[in-house]
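Scroll down for the structure; my scribbles are underneath it.
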Amino acid sequence: MRIPVAVFGMLVMFVVAVGVLFLGVLGFTPVSACTGMCFAPFLMATVGTIVIGLSATFATWFRALREPRAYWPWIGAGLMAGLYLVALSVAEQVL
């Protein structure tokens, strides 16, 4: 039962990651010349999402002797959504 839950969780995490990456690139790319903190929301949305996705995938499938750890994709999807909300609040202050 854990394999279907893990696979479905990976699909949900992939959909959330694509959405966060799309909205992050679309909304947080600086359009004027800037340095420093104006890149923070963009980097949070892009690099953070990729790191969380790879970490959750690794934690789900690596060294899972008989069955995968089915809760990690769901944690990863929640962290990605939370990271996007944090990036939005940072963008309100910086941009």
Side-chain angles (χ1 to χ4, degrees):
M1 183 62 189
R2 292 173 89 183
I3 291 176
V5 171
V7 170
F8 183 66
M10 294 296 291
L11 290 173
V12 168
M13 187 176 67
F14 176 74
V15 169
V16 169
V18 168
V20 168
L21 285 171
F22 176 74
L23 292 175
V25 169
L26 185 67
F28 301 138
T29 302
V31 293
S32 62
C34 65
T35 59
M37 285 302 294
C38 63
F39 283 108
F42 176 75
L43 290 176
M44 288 171 65
T46 54
V47 175
T49 302
I50 292 169
V51 168
I52 290 172
L54 290 175
S55 300
T57 302
F58 184 76
T60 301
W61 299 104
F62 184 71
R63 295 194 56 152
L65 297 176
R66 281 179 259 138
E67 295 179 341
R69 296 171 197 93
Y71 51 88
W72 276 106
W74 300 98
I75 292 172
L79 286 174
M80 287 177 194
L83 181 69
Y84 182 71
L85 294 176
V86 170
L88 274 176
S89 68
V90 170
E92 287 178 357
Q93 297 173 1
V94 174
L95 298 178

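Since the structure is predicted, the reported quantities are computational estimates derived from the model, not experimental observations.
- When the side chains of ILVMFWY residues are joined at heavy-atom separations under 4.5 Å, either directly or via intervening members, Leu11 and Val16 end up in two distinct hydrophobic clusters.
- Connectivity analysis of hydrophobic side chains (ILVMFWY, heavy atoms under 4.5 Å, direct or indirect) links Phe14 to Val18.
- Listed by first then second residue, pairs satisfying salt bridge (Lys or Arg N to Asp or Glu O under 4.0 Å) with a partner in residues 67-76 read Arg2-Glu67, not counting sequence neighbours.
- Linking Ile, Leu, Val, Met, Phe, Trp and Tyr residues whenever their side-chain heavy atoms come within less than 4.5 Å places Val12 and Leu23 in a single cluster.
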Please set out all donor-acceptor pairs under 3.5 angstrom arising from side-chain atoms of residues 73-95, sequence neighbours excluded.
residue, atom, partner, partner atom, Å
Ser89, OG, Val86, O, 2.8

N/O donor to acceptor pairs below 3.5 angstrom from side-chain atoms of residues 36-62, sequence neighbours left out:
residue, atom, partner, partner atom, Å
Thr46, OG1, Phe42, O, 2.8
Thr49, OG1, Ala45, O, 2.5
Ser55, OG, Val51, O, 2.8
Thr57, OG1, Gly53, O, 2.8
Thr60, OG1, Ala56, O, 2.6

